[in-house]
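These notes are about the structure you will find just below.
What you see is a predicted model; the values in this text were computed from it and never measured. Worth knowing before you read on, the calculation uses all heavy atoms, side chains too, and leaves out hydrogens, waters and symmetry mates.
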Amino acid sequence: MPELPEVEIRRQYLETSSLFQTIQHIEVDDKKLLTTDYSTLINALEGRQFVSTRRVGKNLFILTDDPAVIVRMHFGMTGDLEYYHASLNRPRFARIVFEFATGYNLGFLCPRKFERVGLVSDIDAYLLEKKIGQDGLDITRDTLADRVRRKKALIKPVLLDQHVVAGLGNWIVDEVLFQAYVHPEQRADTLTDGQMTQLHQAIQLVLETAIRYEATYRDFPNNFLIHVREWDDSPYDDVEAHNYCPRCRTRIERATVGGRTTFFCPKEQVINA
DNA sequence: CAGCATGTTTGAAG
DNA sequence: GCTTCAAACATGCT
C-alpha cells in the first residue's frame, strides 16, 4: 500500500537485495507501464548495475553506475517489489522484471497497472520540473505552514497534494488529521499557528511510526485511527470495536472529502476557524 | 454482480 | 497563468 512509509520499505528492500548486480535483460509485459520508451530504457540499462537509492515522497529513484541513468519507480496504489531466483516461477503481477547476471530477478509487481517505471537523468531537476514538494519527513514546520496557508481548499485535499508536501496518501492524511485534532474539511488558510504546529508534529509521528512498524498496520499503536479501516490485518477480532474513537469512544464518522473516503472523530476533530 | 480501492493526470470551469 | 474539482485510468478484491 504505497504511501511514503511503504515506498521507504521498498527502497530498503531494493537496497539490500538488488545493488551491484549486472542487469542482463529487462522483461516488460505492458509498455504502458513505462514512462520512457522501451528501447531507450533497454539501451540505457542493460549492462549497468544499480548502485544506490533515494526516495522523495512516493517516488523511488535507483541510481546506476552511469550518473546520468537513474530509474524512477512509482508504485501507484498497489505496486510492490519481489526479488527471487530466476529458477522460480515469476511472481504474480510481475509485469516488469529486471534480470541480473547473478541469476536473481527483481520483479516490479503491478496488479492494477497504475504503477510506472522510467528513466530520469537528474533527480533534483526532475523534482523541480514536476514541482514535487519537500518530503514529509524533511519538511520544516514553517515551510509546511507557508505552503498550506497559500491554499484555500480543504485541508485534507491540500495535504494529499504532492506539490505541497510529498508522500502523504489517503490513510496517512486521515491519521495525521486525527492525531492533530484537525477536521478534514477545515479550510487550509484558516489553520492557526497552534494547529500548524500540531499538524507538523502529527506528520512526523505518523510517518515515523509507520516506517518503524514497516507499514504493518496491525502493529500500530492502539491510539491510531487506522484500525477503523477494515483491512485484513486489523488487530481486532471484534469488528464493531474498531468503529469507535480510540481516545474518546465516539463513533467514527465516514465521509467523502475531496473525493476520497475519509474517517474522522466528529467530537475531537472540530473546525476551529 | 456491484461497488470500492492505498494514486496521479487531465481537462473543464471559475 | 492559477486554483479547484471531478472524471478517467485498469484491474483486483470483497
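Each of C:dC9, C:dT4, B:dC4 was ranked by its minimum atom distance to the side chain of A:Lys152; first place goes to C:dT4. Here C:dG12 is the nucleotide among B:dA5, C:dG12, B:dG7 with the atom lying nearest to any side-chain atom of A:Pro111. In this structure, the nucleotide among B:dG7, B:dA5, C:dA10 sitting nearest to the side chain of A:Asn170 is B:dG7. You'll find that the side chain of A:Arg95 is closest to C:dT11, out of B:dC4, C:dC5, C:dT11.
Using a 4.0 Å heavy-atom cutoff across all strands shown, A:Phe75 reaches no nucleic acid atom at all. Backbone-only contact: A:Arg92 has heavy atoms under 4.0 Å from sugar-phosphate atoms and none from a base. Using a 4.0 Å heavy-atom criterion, one finds that A:Gly169 contacts the sugar-phosphate atoms exclusively.
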Polar atoms only, N or O, under 3.5 Å: list the protein pairs with nucleotides 12-14 of chain B and their distances.
none

Just the table, please: protein N/O against nucleotides 8-10 of chain B N/O, every pair under 3.5 Å.
from	atom 1	to	atom 2	distance (Å)
B:dT8	OP1	A:His74	NE2	2.8
B:dT8	OP2	A:Lys58	NZ	3.0

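For the 3.5 Å distance criterion, the side chains of A:Asp142 and A:Thr140 fail to qualify, holding no donor opposite an acceptor. Of the N and O atoms on the side chains of A:Thr40 and A:Asn43, not one donor lies less than 3.5 Å from an acceptor on the other residue. Looking only at atom types and distance, the side chain of A:Glu253 has no donor-acceptor partner in the side chain of A:Gln269 under 3.5 Å away. A donor-acceptor contact closer than 3.5 angstrom is absent between the side chains of A:His74 and A:Glu115. A donor-acceptor pair shorter than 3.5 Å cannot be found between the side chains of A:Arg247 and A:Asn223.
Under the 30°/60° scheme for interplanar angles, the aromatic rings of A:Phe50 and A:Phe100 are found to stand perpendicular.
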Tell me, what's DNA chain B's dot-bracket, Watson-Crick or G-U with both distances under 3.5 Å, | for other-strand, [ ] crossing? .||||.||||||||

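Rounded to an integer number of Å, the gap from A:Arg150 CZ to C:dT3 C1' is 14 Å.
Across A:Phe114, A:Phe93, A:Phe108, A:Tyr13, a single residue satisfies ring-ring contact (aromatic ring centres under 6.0 Å, His included) together with A:Phe75, and that is A:Phe108.
With salt bridges taken as basic N to acidic carboxylate O contacts below 4.0 Å, none links A:Arg260 and A:Asp174.
The cationic group of A:Arg249 does not satisfy the cation-pi geometry with A:Tyr244, failing either the under 6.0 Å distance to the six-membered ring centre or the 45° limit from the ring axis.
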